[in-house]
Amino acid sequence: QVQLVESGGGLVQAGGSLRLSCAASGRTLSRYVMAWFRQAPGKEREFVGAVTWNGYTYYADSAKGRFTITRDNAKNMGYLQMNSLKPEDTALYYCASKWVPIAVESSDYHYWGQGTQVTVSS
């Protein structure tokens, strides 16, 4: 089993930055995809982006140019750097993992964290 724990959420003003972290335990995730999803109140969970074990990344259009996903396989950590944040980025952000390849549907992911709240004020 894999356990994922997110951290780094908080309240930030529009235009600001946050860095979310995802700590994995239970097994090494070196061959797994690490992805980020988000869910705003009253909306469906949506794909933000993902990174493969060797650093290939794929982003949703809403994240391109503003968000960067990285990982440290040695530390079993994943990161989501968010810049130029907008009020519409306000959501509960989840870390998720699955075996390759990258998928954009949340139902394809086997392991999930509990989420960390990001609130962007205008």
Side-chain angles (χ1 to χ4, degrees):
Q1 289 293 324
V2 174
Q3 294 80 42
L4 302 174
V5 178
E6 303 94 337
S7 62
L11 174 64
V12 63
Q13 289 188 333
S17 299
L18 276 177
R19 187 194 195 208
L20 306 184
S21 298
C22 175
S25 61
R27 73 192 311 174
T28 180
L29 292 185
S30 61
R31 295 285 178 171
Y32 282 66
V33 169
M34 295 189 78
W36 291 90
F37 286 78
R38 66 186 183 185
Q39 188 166 17
K43 295 188 177 181
E44 293 187 354
R45 192 170 297 188
E46 67 172 355
F47 175 80
V48 174
V51 59
T52 62
W53 67 276
N54 58 347
Y56 173 81
T57 53
Y58 182 78
Y59 297 96
D61 288 344
S62 59
K64 289 179 182 176
R66 298 189 301 128
F67 295 0
T68 302
I69 296 175
T70 57
R71 65 190 290 169
D72 185 332
N73 291 332
K75 296 181 179 179
N76 244 11
M77 294 288 297
Y79 305 97
L80 174 63
Q81 176 67 44
M82 303 185 293
N83 299 325
S84 302
L85 283 162
K86 306 173 182 179
E88 51 264 44
D89 294 317
T90 294
L92 190 59
Y93 282 71
Y94 296 92
C95 175
S97 188
K98 65 181 291 293
W99 192 254
V100 290
I102 289 175
V104 300
E105 295 294 333
S106 60
S107 57
D108 290 326
Y109 285 80
H110 314 303
Y111 305 109
W112 290 87
Q114 294 300 307
T116 184
Q117 178 68 38
V118 171
T119 303
V120 184
S121 63
S122 57

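- A distance-only check finds a donor-acceptor pair linking the side chain of Y59 to the backbone of I69 [under 3.5 Å].
- For the atom pair CG (D72) and OG (S21), the distance works out to 10.5 Å, reported to the nearest 0.5 Å.
- Going from atom CD of E88 over to atom NZ of K43 covers 8.5 Å, rounded to the nearest 0.5 Å.
- Minimum heavy-atom separation, V12 to L18: CG1-CD1, 4.1 Å.
- When all heavy atoms of A14 and S122 are compared, the closest pair comes out as CB-CA, 4.3 Å.
- For the atom pair F67 CZ and N83 CG, the distance stands at 8.5 Å (nearest 0.5 Å).
- What you find for G26 and Q3 is that their closest heavy atoms are CA-OE1, 3.6 Å.
- Taking the six-membered ring for Trp, F47 and W36 have ring centres at least 6.0 Å apart.
- The closest side-chain heavy-atom distance from Y111 to Q1 is below 4.5 Å.
- Using the six-membered ring where Trp is involved, Y32 and W99 have ring planes that are perpendicular, over 60° apart on the 30 and 60° scheme.
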| request: Begin from the C-alpha positions of M82 and S17 and carry the test side chain to side chain contact (heavy atoms under 4.5 Å, CB included) through to its verdict. | output: CA-CA 5 Å; M82 303 185 293; S17 299; over 6 Å; no
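- Listed for the R71 side chain is a donor-acceptor partner under 3.5 Å among the backbone atoms of V51.
- The backbone N or O of V33 sits less than 3.5 Å from a side-chain atom of S97, completing a donor-acceptor pair.
- Atom CD of Q114 has 12 or fewer neighbouring heavy atoms from other residues, nucleotides or ligands inside a 6.0 Å radius.
- Scanning all heavy atoms of the two residues, the minimum distance from S121 to L11 falls at CB-CD1, 4.3 Å.
- A cation-pi contact links R19 to Y79, judged by a cut-off of 6.0 Å to the six-membered ring centre and 45° from its axis.
- To the nearest 0.5 Å, atom OG of residue S106 and atom CZ of residue R38 are 14.0 Å apart.
- Once rounded to the nearest 0.5 Å, the distance linking CD of Q117 with CD of E6 reads 11.5 Å.
- Annotation for A40 and A91: closest pair N-CB, 3.8 Å, computed over non-hydrogen atoms.
- Within the 4.5 Å cutoff, side-chain heavy atoms of Y58 are placed close to those of V104.
- Ion pairing of K64 with D61 is present here, as a side-chain N (NZ or NE/NH1/NH2) and a carboxylate O approach within less than 4.0 Å.
- Residue Y94 is not grouped with residue M77 when hydrophobic side chains (ILVMFWY) are merged at heavy-atom distances under 4.5 angstrom, including chains of intermediate members.
- In this structure, R45 contributes its side chain and Q39 its backbone to no donor-acceptor pair below 3.5 Å.
- Cluster annotation: V5 and W112 are assigned to distinct hydrophobic clusters (Ile/Leu/Val/Met/Phe/Trp/Tyr, side-chain heavy-atom contacts under 4.5 Å, transitive).
- Taken to the nearest 0.5 Å, the CD1 atom of I102 stands 7.5 Å off from the OG1 atom of T57.
- Applying side-chain contact (heavy atoms from CB on, under 4.5 Å) to V118 and the options D89, L20, L80, T90 leaves one that passes, L20.
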